[in-house]
2 protein chains.
Amino acid sequence: MADDPRALGDPGSESFRVDSYPFYLLNRAVSRYNVIIEAQLRAIEIDIPTWRVLMVLGEESPRSIGQLSKTAVIHLSTMMRIIERMMKAGLVERAPDAQDGRVTNVILTDLGREKLAAARKLTAPLYRQVISGFSQNEFTRLLEMLNRLHANLG
Amino acid sequence: MADDPRALGDPGSESFRVDSYPFYLLNRAVSRYNVIIEAQLRAIEIDIPTWRVLMVLGEESPRSIGQLSKTAVIHLSTMMRIIERMMKAGLVERAPDAQDGRVTNVILTDLGREKLAAARKLTAPLYRQVISGFSQNEFTRLLEMLNRLHANLG
DNA sequence: GAATTTTTGTTGCGTTTGCAAGTTTATTGG
DNA sequence: CCAATAAACTTGCAAACGCAACAAAAATTC
């Protein structure tokens, strides 16, 4: 018990060390990833929020602004502005939902699909670099643990 | 090879699925964590950047603004403003470095240490909730993989 | 079925952020 | 040593963000 590694990551413990705090490491990795990916995406003139929305819409379009906001964990008002920007850039269109008069659906345009394809091509090499050294097993376990973290925060 | 889980996370692959993209899951977990922790920290009137800097300074103070910026992966100019805010709140002090006339050192004040202690107490329960279900082994492996991701981005 | 509550989206406004351009101090190359 | 380059901040400015207040539609309650 004395040398439980989980104690080192516990902010309430005396032996706390930032390096063992999962969310410090998560934040660090994400931040570094964002810096790199942002620079790459600049070549095709899209920013990170746009890239995130494109990926989500790529799986299922249309989606409502609220769904997008929840899926990407971005405040609704912020998602509004992201969609506005994407509309101006011609990547998506907005249309009121037929069933529910409150919801606004967001639809990927052809240009949006092209940009998404371009972004995928562009970011694939970085992905391969990042997971290099990860076995299939490790990779699967990583995803599983990230899902578990997310669930534990619900 | 056909069902290599790593292919599902590859933006360049046909079979790409957002749910298998590690940085999507990372971003999601971090964002959700930030939302929760931000609400908790509001009770003691500090924001997330302040909390991050306090944690880092808690391990080693003084540190230069540049070091803080690199450690926390936050732009230098942004770190400037964070330190300014923290100074106004009395959490840190600034002092020019004796050896190098360019660098500005940041020192934790007594009030800063108190706030850090309070923040730790406050966030400990969430930490325990988040890692619940993680064995010592899993926890260690998680940290190791996050470090590997970070290194692969270097 | 009318009133209340919840859900979904929208907009105004102040704060925070990041880029770019500048200043000052160290370091490096002739 | 002097010039040129690099490193470590610093600040102005525009863009992005989040909160809060609002509007409109749907669901719930009585």
_For B:Asn34 and B:Ser31: C-alpha separation, side-chain torsions, deciding distance, then whether side chain to side chain donor-acceptor pair (under 3.5 Å) applies._
CA-CA 5 Å; B:Asn34 281 338; B:Ser31 297; 5.7 Å; no
*Would you sort out whether A:Glu60 and A:Arg63 count as a salt bridge (charged side-chain N to carboxylate O under 4.0 Å, His left out), showing the intermediate values?*
CA-CA 7 Å; A:Glu60 188 182 333; A:Arg63 286 216 188 178; 3.5 Å; yes
*Might you work through the salt bridge (charged side-chain N to carboxylate O under 4.0 Å, His left out) test for B:Arg85 and B:Asp47, ending with a clear yes or no?*
CA-CA 10 Å; B:Arg85 269 181 274 157; B:Asp47 56 17; 2.6 Å; yes
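Each of B:Ile83, B:Ile82, B:Leu68 was evaluated against B:Val92; a single residue qualifies, B:Ile83, per the side-chain contact (heavy atoms from CB on, under 4.5 Å) test. Across B:Asn147, B:Val30, B:Leu153, a single residue satisfies side-chain contact (heavy atoms from CB on, under 4.5 Å) together with A:Arg28, and that is B:Asn147.
At distances below 3.5 Å, not a single donor-acceptor pair connects side-chain atoms of B:Arg94 with backbone N or O atoms of B:Ile107. Distance alone, capped at 3.5 Å, is enough to place a donor-acceptor pair between the A:Ser69 side chain and the A:Ile74 backbone.
Taking the charged nitrogens against the carboxylate oxygens, A:Glu138 and B:Arg148 do have a contact shorter than 4.0 Å, which makes a salt bridge.
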*asked:* Each nucleotide in nucleotides 21-26 of chain D should get exactly one letter: B, S or -. Can you fill that in based on protein heavy atoms under 4.0 Å?
replied: ----BS
_Nucleic acid footprint by protein, nucleotides 10-19 of chain D - heavy-atom cut-off 4.0 Å, B for base, S for sugar-phosphate alone_ = BBBB--SSBB
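Axis angle, first five pairs versus last five pairs of the helix from C:dG1-D:dC30 to C:dG30-D:dC1: 40°, rounded to 10°.
A:Asn152 has its side chain within reach of B:Ser132: a pair of non-hydrogen atoms, C-beta onward, lies under 4.5 Å apart. With contacts defined as side-chain heavy-atom distances shorter than 4.5 Å, the pair B:Leu76/B:Lys70 does not qualify. A:Phe16 is not listed as a side-chain neighbour of A:Asp10, based on a closest heavy-atom distance of 4.5 Å or more.
For the atom pair CE (B:Met145) and OG1 (B:Thr140), the distance works out to 11.0 Å, reported to the nearest 0.5 Å.
Think of the region where chain A sits on DNA chain C: with heavy atoms and a 4.0 Å cut, that region ends 5' and 3' at C:dT7 to C:dC19.
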Using a 3.5 Å cut-off and no angle test, enumerate the donor-acceptor pairs between side-chain atoms of residues 111-121 of chain A and protein atoms at least two apart in sequence or in another chain.
residue  : atom : partner : partner atom : Å
A:Lys115 : NZ   : A:Ile44 : O            : 2.6

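For CD of B:Glu93, the number of neighbouring non-hydrogen atoms (other residues, nucleotides, ligands) closer than 6.0 Å is 12 at most.
Contact check of residues 53-63 of chain B against DNA chain C (heavy atom, cut-off under 4.0 Å) returns no residues at all.
Taking the six-membered ring where the residue is Trp, B:Phe23 and A:Tyr33 present parallel rings, their angle staying beneath 30° rather than reaching 60°.
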